[in-house]
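Reading through the structure tokens given below for one structure.
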2 protein chains.
Amino acid sequence: MATIKEVAAKTGLSPTTVSRVINNHPYVDPKKRKLVMTAMEELGYVPNSSARRLRGQRTNTIAVIISRIVNPFFGHLVDAMEKIAAERGYQLILCDSRLEKDREMQHLELLKTKQVDGIILASLQNRWKDIEPYTRYGPIISCNEYDSAADMPMIVCDQEYGGYIGTKHLIDRGHEKIAYAGGTDRIELTRDRFSGFKRAMAEAGLTVNEDYLFPSFYGIEDGKNIFHRMYAMENRPTAIFAGGDEVAAGVIQEAKRFHCRVPDDLAVVGFDNQPLADLIDPGITTIDQPMKLMGTRAMEMMVDMIRHNRDVTYKKELLPLQLIVREST
Amino acid sequence: MATIKEVAAKTGLSPTTVSRVINNHPYVDPKKRKLVMTAMEELGYVPNSSARRLRGQRTNTIAVIISRIVNPFFGHLVDAMEKIAAERGYQLILCDSRLEKDREMQHLELLKTKQVDGIILASLQNRWKDIEPYTRYGPIISCNEYDSAADMPMIVCDQEYGGYIGTKHLIDRGHEKIAYAGGTDRIELTRDRFSGFKRAMAEAGLTVNEDYLFPSFYGIEDGKNIFHRMYAMENRPTAIFAGGDEVAAGVIQEAKRFHCRVPDDLAVVGFDNQPLADLIDPGITTIDQPMKLMGTRAMEMMVDMIRHNRDVTYKKELLPLQLIVREST
DNA sequence: CTGAAAGCGCTTACAG
DNA sequence: CTGAAAGCGCTTACAG
């Protein structure tokens, strides 16, 4: 591979001047500029990124940490991010934590070892106290998941509201025995969503049945399992609010297989509004999360933070969430 | 950030020795090794990747070029790749060509500018003659899409066979007026699949109706459009072989909306065997593509090629394809 | 408008 | 087992 030195030698100019041409500096004699250009062309010269990185202390690379790329929700999120990153001249490193704390921590090391200029956390497996130390190495923002204790910019949807409107919708449809499969655990996002569920229940004077609460699951298979657990109950719920459309789809599919009619015997609300929600039969009533907007906004913010080097500060940005009614309720 | 020099200063040793400790070289006095280790710990030292890259001429990064990350097919492929890459200590750069030749070419530049050690092409927008020049900068392999004229390792499925068994299945079900939406154009993969379609038709003594051929489309919306174009025909086909499950899903959804019964009025065969195929109603008869196997094998091969620096050579590897029969036929 | 020199932070022969 | 020195390929003050 040709280096800047060889280009300099070929043109009889200094490496400095060649570098200036490469970087479009002003104050280069137009003739010499042209000379350098053709020499680069002839030698097939291309700047070595590693050298530029070392010298310039930036990588033009951003890592995005997700927890499961096969989840279409993340697919759409990453798609939007990749688009903005490409426009702005950044590479995207895809980091899949697979819901494991350790993998997430390892990915955070990328910032420390200067392999990326910034990190977008679209999933959050660790607590803020473990993530915080990394912020001194570069910008970290979260998108989708969040942690109120965290001092970092966040692009989030109003999950409490989402939990509320989904539940309220079921209540309005006359349901009282409502199961909840969004998870109630350590993750703030799911906790907030659960708060919304509880608020709607309380407002309607309904009590939350502990047996109807299922931990946070992710895929179709989980949905199937949840259906069977409900089906085995003596006192079955008449409706379920699932943590994602895939889970909802699993519930619906299995319900149909066991001749449990949706929505008559079991109403189902999903979350995300993935394409899937509109495709299966009956269509899934769900909460629309603006995945594209989230991804776009997060990447724009990240690039801005990298370029302006901490001069810009962002806070929590709240994005809208809305109920999409289909045939499953 | 602490550097190797600072660690050296703190321990009274040379940077060379510190480097040896970092890289687990033998022949370092155990006591000194320990000394260095604690000094690194105390300083929060971490090696700078850019420097290592420049010095070592490798990046431990691999790019994968896909054409549409929101397609679950690519989601699963990338998922399998990421897993192997992480195990082997490589980062994955996600490159989305969005079906555009230019974007793909830009992504190939990553190899030239030493930003990645190798590239996996899971999508192929350009011709081999345009890609070939990049092979001198590092290993390039294809996975999924392919080009027989190309002199690169390829992990491919037997598309001709896939086209054949899908079509044969429809013929066995008694169909004669069979539409084909897999594309017939410049891409070899789709051309081969189309060959399989034609072979099955020919064997059964059926003629291919030009009006029933639709260019290669990708998403649900495309499926809906195709349905309407068929629906508007005087002499409608009774079956369609779609290029992907998403397209098939779009066809089916719209068919149901217009009271066209599947499979009675219109039988539908998809491709890929995505989770979706099993979820919608009726389930989609489809051709299973071993996405996980493809991704795993491709990444293993890539890492092997990078590590053994062209000493290893691979050829085309053919992976099995099989018909999954569900209710849509 | 141009160039010599220093340095980004490592690793690797080489010599001991 | 250890260290001094060179060099990976750039860019950026600095001086002219």
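In what follows, chains carry the letters A, B, and so on, assigned in the order in which the sequence lines appear, proteins first and then strands, with residues in each chain numbered from 1.
- Annotation for A:R307: atom CZ counts as buried by contact number, over 12 foreign heavy atoms lying within 6.0 Å.
- Using modelled atom types, one finds no donor on one side chain facing an acceptor on the other under 3.5 Å when comparing A:R53 with B:S49.
- Annotation for A:M37: atom CE does not count as buried by contact number, only 12 or fewer foreign heavy atoms lying within 6.0 Å.
- A straight line from CG of B:D29 to C1' of D:dC1 spans 8 Å, rounded to a whole angstrom.
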Below 3.5 Å is the cut-off: list the nitrogen or oxygen pairs between protein and nucleotides 14-16 of chain D, distance only.
none

### Strand DNA chain C in bracket notation, Watson-Crick/G-U under 3.5 Å with | for pairs to another chain
|||.||||||||.|||
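- Using a 4.0 Å heavy-atom criterion, one finds that B:T16 contacts the bases of the nucleic acid, with or without backbone contacts as well.
- At a cut-off of 3.5 Å, with distance as the only test, a side-chain donor of A:S123 or A:Q125 sits close to an acceptor on the other residue.
- Taking a 4.0 Å limit (strictly below) on heavy-atom distances, residues 44-61 of chain A reaches DNA chain C at A:L54, A:R55, A:Q57.
- Remark on DNA chain D: of its neighbouring residues A:I22 and B:P15, the 5'-side contact belongs to B:P15, judged by nearest-heavy-atom nucleotide.
- Backbone-only engagement by B:K32 is indicated by non-hydrogen atom pairs under 4.0 Å involving sugar-phosphate atoms exclusively.
- The shortest distance between the side-chain N/O atoms of A:S14 and the OP1/OP2 oxygens of C:dG3 is below 4.0 Å.
- Between the side chains of A:T61 and A:Q115, no donor N or O sits under 3.5 Å from an acceptor N or O.
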